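Since we're looking at a predicted model, the values are computed, not measured.
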Amino acid sequence: MNDSTANQRPEELIRLAAELRWEVGSNFHDSLMETLYSNAAQIADRAVTRTGEAARFDLDRTIDRMVTSRWLGFPIMLALLTLVFWLTIEGANVPSAMLAGLLIDSIHPMLKSSAGAIGMPWWLDGLLVDGVYLAMAWVVSVMLPPMAIFFPLFTLLEDFGYLPRVAFNLDKWFKKAGAHGKQALTMSMGFGCNAAAIVSTRVIDSPRERLIAIITNNFSLCNGRWPTQILVATIFIGGLAPAHFAGLVSAGAVVAVAVIGVLLSFVVSWGLSRSVLRGEASAFSLELPPYRPPRVLQTVYTSIIDRTLIVLWRAVIFAVPAGAVIWLSSNILIGNVSLAEHFINWSQPFGLLIGLNGVILLAYVIAIPANEIVIPTILMLTVLSARLTGLGEGAGVMFELDSDAAVAQIFASGGWTLLTAVNLMLFSLVHNPCSTTIYTIWKETRSAKWTSISSLLPVGMGFLLCFLVAQIWRLLSG
């Protein structure tokens with residue numbers, strides 16, 4: 001090899017590499033253009049009917065004509081929403097009962113026996129076992145099964161391609177309210193869990209519209225509030241109807257409350273967009289993806305891991321102080337009267353003024369960490385304040401009853417009326433978020449101001465709404 005040959009080889013290599021790159025690039029370009037033209041031809045064949053040709057059947061277009069129809073779109077949305085609710089509620093009954101039987105009926109007595117066997121002081125036994133443990137057990141047994149059903153169902157609808165159609169149907173209404181069309185998706189997610197829905201607001205790019213979605217998401221009736229709604233509606237609303245219509249009337253009352261929550265989302269979004277969050281609704285391109293078979297196993301796995309267990313863990317952590325406060329407030333005495341009874345007596349006039357009572361107000365104060373423990377707390381506090389004997393397991397020990405008739409008797413002993421029941425259903429919808437949701441709001445906004453507004457605005461509206469309903473009720477009752 002001479003020096004000239006050695007000097008020429010790098011140039012030849014560069015030339016050969018350039019020719020090869022041109023050839024590969026040219027082939028890639030030709031292949032890409034061929035693919036684009038082929039896809040364009042397929043789209044044109046689906047979308048365009050040429051002269052003399054019969055209209056082609058297109059499944060996606062046929063489904064879209066129904067689910068985005070001006071007349072059928074909203075009824076289909078309500079029907080699917082009702083179906084998801086029904087599957088969630090009915091499907092959760094058995095596993096919730098099994099978990100309650102294990103955690104409350106079996107493990108709780110074992111823990112009490114173990115505490116007695118090791119000579120644990122009564123107050124420590126009560127605080128840890130009857131307070132902290134029971135609160136966590138109620139949260140897990142009531143919260144886990146509905147979330148494990150709702151989130152996979154919600155994600156399956158998303159995978160199928162239906163949820164973007166929901167956003168399409170509601171887009172113009174949210175725009176009129178000064179909000180973002182994607183708020184329809186975050187609002188729907190709130191029916192499973194408000195905390196998970198707050199995280200899902202990340203799909204909204206505009207900070208102003210994302211704040212509106214965060215603040216109003218509490219008006220979506222989360223699964224933690226369904227047990228309260230269903231129990232009260234069954235006892236008081238369904239009881240007004242003939243036996244064969246009682247279930248339908250009760251379900252209708254609960255769905256009506258959920259619809260009121262949706263309407264409040266529009267109203268509050270409109271108010272915020274014209275006041276503290278003034279601005280125009282941003283435009284966005286909403287792509288309607290093709291319908292496709294949902295990936296069931298992957299959906300179930302990701303829904304349980306990414307949503308259900310994370311949210312449940314946060315709720316359990318916040319349930320610990322709630323259980324401790326419930327037990328302490330019921331067992332610390334001042335003048336032979338517990339702190340809980342002092343608060344109930346003090347707040348009773350205000351509670352009656354707005355159509356509720358002191359027991360309900362206290363239950364919602366100490367049950368802020370989790371809506372799932374509201375009913376057991378109300379029952380325990382009613383037995384405590386009304387001095388009922390032979391019911392429950394002692395002061396500060398939450399409980400539930402299998403019989404709706406037995407629950408109705410306790411409510412009657414606490415002075416409940418139909419107005420109390422109606423306003424409890426409304427206040428369960430419009431009140432402060434649970435601690436898990438409040439913490440999530442703070443994590444997403446990093447703002448004490450917006451976290452406070454998100455927490456205080458709903459409870460203020462709840463008091464006002466209950467007061468107005470109570471005054472109208474009393475006026476009509478003469």
Might you point out which heavy atoms bring [X] and [Y] nearest each other, and give the distance in Å?
| X | Y | answer |
| --- | --- | --- |
| Ala100 | Ser141 | N-CB, 3.7 Å |
| Thr420 | Gly415 | OG1-O, 4.4 Å |
| Leu356 | Leu424 | CD2-N, 3.6 Å |
| Leu185 | Phe154 | O-CZ, 3.8 Å |
| Leu381 | Ser330 | CD2-OG, 4.2 Å |
| Leu391 | Val383 | O-CG1, 3.6 Å |

Decide yes or no for [X] and [Y]: does some side-chain heavy atom of the first lie under 4.5 Å from some side-chain heavy atom of the second?
| X | Y | result |
| --- | --- | --- |
| Ile373 | Ile326 | yes |
| Cys434 | Phe318 | no |
| His108 | Asp130 | yes |
| Pro458 | Asn432 | no |
| Phe427 | Val459 | yes |
| Val268 | Met461 | yes |
| Phe150 | Thr88 | yes |

Counting only heavy atoms not in [X] (residues, nucleotides, ligands), do more than 12 fall under 6.0 Å from its [atom1]?
| X | atom1 | answer |
| --- | --- | --- |
| Ile118 | CD1 | yes |
| Phe74 | CZ | yes |
| Trp270 | CH2 | no |
| Trp473 | CH2 | yes |

With sequence neighbours excluded, what pairs up with Phe191 under the ring-ring contact (aromatic ring centres under 6.0 Å, His included) test?
Phe85
Kindly indicate, with the supporting measurements, whether the criterion side chain to side chain contact (heavy atoms under 4.5 Å, CB included) is fulfilled by Leu80 and Tyr162.
CA-CA 10 Å; Leu80 279 176; Tyr162 178 69; 3.5 Å; yes
Are the side chain of [X] and the backbone N or O of [Y] linked by a donor-acceptor pair below 3.5 Å?
| X | Y | answer |
| --- | --- | --- |
| Ser273 | Ala177 | yes |
| Ser269 | Ala179 | no |
| Arg165 | Gly73 | no |
| Thr437 | Pro433 | no |
| Asp404 | Thr234 | no |
| Gln229 | Met425 | yes |
| Arg292 | Phe160 | no |
| Ser106 | Gly101 | yes |
| Ser114 | Met110 | yes |
| Asp125 | Ala115 | no |

How many angstroms lie between [atom1] in [X] and [atom2] in [Y], if you round to the nearest 0.5 Å?
| X | Y | atom1 | atom2 | value |
| --- | --- | --- | --- | --- |
| Leu124 | Leu128 | CG | CG | 4.5 Å |
| Ile375 | Ile378 | CD1 | CD1 | 4.5 Å |
| Leu429 | Arg225 | CG | CZ | 6.0 Å |
| Ile344 | Ser385 | CD1 | OG | 4.5 Å |
| Leu264 | Thr216 | CG | OG1 | 10.0 Å |
| Leu144 | Asn223 | CG | CG | 10.0 Å |

Going through the distances and angles, do Ile237 and Leu418 end up as a side chain to side chain contact (heavy atoms under 4.5 Å, CB included)?
CA-CA 8 Å; Ile237 310 298; Leu418 182 58; 4.0 Å; yes
So which of Thr440, Asn194, Thr201 actually passes side chain to side chain donor-acceptor pair (under 3.5 Å) with Asn217?
Asn194
What about the rings of Phe350 and Phe463, do their centers lie closer together than 6.0 Å?
yes
Near-ring test Phe174/His180, centroid separation under 6.0 angstrom
no
Looking only at side chains, do Ser338 and Glu341 share a donor and an acceptor under 3.5 Å apart?
yes
Can a side-chain donor-acceptor contact be found between Tyr291 and Asp64 if the only test is distance below 3.5 angstrom?
yes
Do NZ/NE/NH1/NH2 and the carboxylate oxygens of Lys182 and Glu209 come within less than 4.0 Å?
no
Charged N-O contact under 4.0 Å between Arg202 and Glu444
yes
Residues 240-261 vs salt bridge (Lys or Arg N to Asp or Glu O under 4.0 Å), sequence neighbours excluded, gives none
When the side chains of residues 132-140 are checked against the rest of the protein, which donor-acceptor pairs come out under 3.5 Å, sequence neighbours left out?
residue, atom, partner, partner atom, Å
Tyr133, OH, Leu103, O, 2.6

Please work out whether the ring planes of Trp122 and Trp327 are parallel, tilted or perpendicular, with thresholds of 30° and 60°.
tilted
Val257 and Val254: CA distance, side-chain angles, deciding distance, side chain to side chain contact (heavy atoms under 4.5 Å, CB included) verdict:
CA-CA 5 Å; Val257 171; Val254 176; 5.7 Å; no
Leu379 and side-chain contact (heavy atoms from CB on, under 4.5 Å): which partner among Val359, Ile410, Val374?
Ile410
